[in-house]
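A short write-up of the structure that comes next.
Note that the structure is a prediction, hence the values are computed from the model and not measured. Hydrogens, waters and symmetry mates play no part in the numbers below; they use all other heavy atoms, side chains included.
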Amino acid sequence: GLGVGFFVGVKATAPSMMQTTETYLANQNLMDIKILSTFGFNKKDVKKIEKIKGVEAVVPSYSADLILESSENKPVIKVMAFYDKGSPHADMNKPVLIDGRLPEKENECVIEDIEFIETGYEIGDTVTFAKVSGDTETKDIMKNREFVIVGTVKSPMYLTFDHGTTYV
C-alpha cells in the first residue's frame with residue numbers, strides 16, 4: 001500500500017512540477033540558447049546570428065568572473081550585465097526580485113540570493129572587486145570596481161546550485 005501511494009503521488013506531481021517550471025521560465029523569458037566567446041562578438045556576428053531561421057531575438061550581453069576584494073577569502077564572483085527598464089532586452093532572463101530593488105544607477109548592483117547568504121553582505125553594503133582578476137585588469141572589463149548592493153535576486157539562468165567553473 002505504501003509503495004502504491006508513493007507511486008501515485010509521484011505520478012500525479014510530475015505534470016504539476018513540469019507546468020510550474022514552464023510557467024516560471026516563460027514569465028522570466030529565459031533564453032533558449034546561450035552562445036559564449038572568450039573573445040566576444042562584434043556587431044557583424046550578432047547580425048549573422050539574427051538571420052538564422054527560427055531566431056526571434058538576439059540579446060548581446062557580457063559577463064566576467066571577478067575577484068571580490070573586500071572579503072577575507074577573496075571569492076570569485078560572476079558579474080553579469082543587467083538591462084534597465086528602458087532597454088528592448090529588459091524582459092529577457094528577468095531576475096526575480098527577492099528583497100530591496102533593482103539597480104537604477106551604474107554603481108548599483110543586486111546579488112543573487114545564494115551568494116548573498118554565503119558572502120555575508122547586506123543590502124546597503126559596498127562590494128569592491130580586485131584591481132586584477134586572473135591576468136586581466138578590472139578597469140579593462142568594467143567601468144566601476146565598487147558597487148552598492150540595492151537588492152537580492154534569484155536568476156532564472158541558474159536553476160541549481162551549480163554555477164559553472166571559472167578561469168580566474
Side-chain angles (χ1 to χ4, degrees), residues 10-68 75-119 123 127 129 133-134 136 138-145 147-168:
V10 168
K11 193 79 170 159
T13 305
S16 176
M17 291 172 64
M18 290 293 289
Q19 183 59 47
T20 300
T21 301
E22 287 179 21
T23 301
Y24 171 74
L25 297 178
N27 287 342
Q28 303 322 118
N29 201 10
L30 182 64
M31 65 190 151
D32 293 322
I33 298 172
K34 182 176 185 176
I35 302 172
L36 299 172
S37 170
T38 54
F39 296 108
F41 297 100
N42 59 35
K43 290 180 183 181
K44 186 177 174 183
D45 297 327
V46 171
K47 292 290 183 197
K48 283 183 180 179
I49 295 169
E50 287 175 335
K51 291 179 182 179
I52 296 173
K53 184 180 177 182
V55 172
E56 290 180 25
V58 176
V59 182
S61 188
Y62 64 91
S63 66
D65 293 337
L66 300 176
I67 297 172
L68 196 57
V76 175
I77 301 291
K78 178 164 287 298
V79 178
M80 298 173 18
F82 184 86
Y83 287 99
D84 60 21
K85 294 176 189 171
S87 168
H89 306 302
D91 68 336
M92 185 67 80
N93 304 320
K94 288 188 301 192
V96 177
L97 185 64
I98 303 299
D99 194 15
R101 63 176 174 80
L102 296 176
E104 296 170 356
K105 301 175 186 170
E106 65 181 28
N107 69 332
E108 294 179 337
C109 71
V110 291
I111 189 167
E112 194 175 12
D113 196 44
I114 190 70
E115 289 177 349
F116 188 74
I117 294 165
E118 290 175 359
T119 60
I123 293 175
V127 293
F129 293 102
S133 289
T136 305
T138 301
K139 70 178 181 175
D140 293 338
I141 300 170
M142 298 184 355
K143 186 176 181 179
N144 299 317
R145 283 185 44 232
F147 294 86
V148 176
I149 300 171
V150 296
T152 59
V153 296
K154 286 198 183 291
S155 173
M157 295 172 65
Y158 300 104
L159 299 176
T160 68
F161 290 111
D162 182 15
H163 284 49
T165 57
T166 182
Y167 60 88
V168 177

Any side-chain heavy atom of [X] sitting closer than 4.5 Å to one from [Y]?
X      : Y      : value
Thr136 : Thr138 : no
Ile49  : Ile35  : yes
Leu66  : Val76  : no
Asp99  : Ile123 : yes
Thr152 : Ile111 : yes

When you look at Val153 and Val96, which way does the side-chain contact (heavy atoms from CB on, under 4.5 Å) test go after all the steps?
-> CA-CA 5 Å; Val153 296; Val96 177; 6.0 Å; no

What's the shortest heavy-atom distance between [X] and [Y], and which atoms?
X      : Y      : result
Ser61  : Ala81  : OG-CB, 3.5 Å
Phe147 : Cys109 : CB-SG, 3.7 Å
Met92  : Ala57  : CE-CB, 4.4 Å
Leu102 : Val110 : CA-CG1, 4.1 Å
Val58  : Val55  : CG2-CG1, 3.7 Å
Leu36  : Lys34  : CD2-CE, 3.4 Å

When rounded to the nearest 0.5 angstrom, what distance separates [atom1] in [X] from [atom2] in [Y]?
X     : Y      : atom1 : atom2 : result
Leu30 : Glu22  : CG    : CD    : 12.5 Å
Asn42 : Lys48  : CG    : NZ    : 8.5 Å
Gln28 : Ser155 : CD    : OG    : 9.5 Å
Asp45 : Lys43  : CG    : NZ    : 12.5 Å
Leu25 : Met157 : CG    : CE    : 12.5 Å
Asn93 : Asn29  : CG    : CG    : 7.0 Å

Any donor-acceptor pair under 3.5 Å from [X] side chain to [Y] backbone:
X      : Y      : answer
Gln19  : Ser16  : no
Asn27  : Tyr24  : no
Asn144 : Glu106 : yes
Ser133 : Ile67  : yes

Using the side-chain contact (heavy atoms from CB on, under 4.5 Å) rule, take Phe129 and Ile141 through it: C-alpha gap first, then chi angles, then the decisive distance, then the call.
-> CA-CA 11 Å; Phe129 293 102; Ile141 300 170; over 6 Å; no

In terms of heavy-atom contacts, does NZ of Lys11 have more than 12 from other residues, nucleotides or ligands at under 6.0 Å?
->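 Atom NZ in Lys11 is not crowded, with 12 or fewer foreign heavy atoms closer than 6.0 Å.
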
Exceeds 12 heavy-atom contacts within 6.0 angstrom, atom OH of Tyr62 |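 No.
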
Taking 4.0 angstrom as the limit, do Glu112 and Lys78 come out as a salt bridge?
->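 A salt bridge is absent here (no side-chain N lies under 4.0 Å from a carboxylate O).
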
